[in-house]
Amino acid sequence: MKIQLRSPEETKTLGQRIAKLLHPGDVITLEGQLGAGKTTFTKGIASGLEVKRHITSPTFTIVKEYRGKMPLYHMDVYRLEDSLEDIGFDEYFHGNGVSVVEWAGFIEPFLPENRLDISIQYTDNEDIREIDLYPRGSHFEQVVNELHG
Ligand SMILES: Nc1ncnc2c1ncn2[C@@H]1O[C@H](COP(=O)(O)OP(=O)(O)OP(=O)(O)O)[C@@H](O)[C@H]1O
Ligand SMILES: [Mg+2]
């Protein structure tokens with residue numbers, strides 16, 4: 001499913017809507033070039049999970065944990081690049097919270113089979129992004145279907 005996001009606010013709103021459909025242990029992966037909007041989208045997820053704290057980019061910490069309706073584990077694994085270091089991903093992916101992973105391709109072998117893969121792309125217009133949702137597994141297919149309604 002491909003959606004046009006015409007402003008950072010629209011990107012956050014989509015994140016917020018998706019967050020309302022998530023369960024503990026759900027994993028969302030985010031791909032997209034530098035500045036595509038991965039963290040912006042994650043801010044929307046956080047807002048949908050009723051996280052009160054300000055979301056910052058976790059580049060130097062890899063994982064930041066936020067308290068909300070359920071925990072949010074915000075990861076940016078860009079720094080791991082090809083090192084394939086396992087920092088205990090399973091604890092997060094099978095934990096009680098929602099994991100959102102920027103640059104998830106770098107840790108592909110550690111990702112669970114069931115997840116929502118999201119790709120954000122630039123367009124010719126500097127304020128417009130295109131987002132692709134690839135649900136893996138029936139739960140995420142249902143999440144994506146519910147977004148239509
Ligand atoms: N439609 C849009 N959706 C999201 N962000 C947008 C949009 N239009 C413009 N922007 C701007 O693009 C930037 C996206 O930055 P953001 O930090 O979210 O990207 P990122 O993908 O997380 O980058 P990085 O790879 O460095 O982590 C912000 O400055 C935001 O205001
Ligand atoms: Mg980011």
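We're numbering straight along the sequence, starting at 1. Basis for what follows: all heavy atoms, side chains included, without hydrogens, waters or symmetry-related copies. Quantities reported herein were computed from a predicted structural model and do not represent experimental measurements. We count ligands from 1, going down the list as the structure has it; atoms in each ligand are counted the same way.
The atom of Glu102 that is an N, O or S and sits closest to the Mg ion (ligand 2) is OE1.
Below 3.5 Å of separation, one finds no N or O of Ser57 facing any N or O of ligand 1. Backbone and side-chain nitrogen or oxygen atoms of Ile128 are examined, and none is located within less than 3.5 angstrom of a nitrogen or oxygen of ligand 1. Close N/O approach between Thr11 and ligand 1 is found [any backbone or side-chain N/O within under 3.5 Å]. Between Gly35 and ligand 1, a contact under 3.5 Å exists for at least one N or O pair.
Atoms of ligand 1 lying under 4.0 Å from at least one heavy atom of Glu126, given by number and element, are 8 (N), 9 (C). Less than 4.0 angstrom separates some heavy atom of Trp103 from each of these atoms of ligand 1: 25 (O). Near Gln33, meaning under 4.0 Å from one of its heavy atoms, ligand 1 places the atoms 21 (O). Heavy-atom proximity to Leu5, at under 4.0 Å, picks out these atoms of ligand 1: 1 (N). Close contacts between ligand 1 and Asp127 involve ligand atoms 1 (N), 2 (C), 7 (C), 8 (N) [criterion: under 4.0 Å to a heavy atom].
In this structure, Lys43 has no heavy atom closer than 4.0 Å to ligand 1. Heavy-atom separations between Glu10 and ligand 1 are all 4.0 Å or longer.
With sequence neighbours left out, Arg17 forms a side-chain hydrogen bond (donor to acceptor under 3.5 Å, both in side chains) with no residue at all.
Ring geometry for His139 versus His23: interplanar angle under 30°, hence parallel rather than tilted (30 to 60°).
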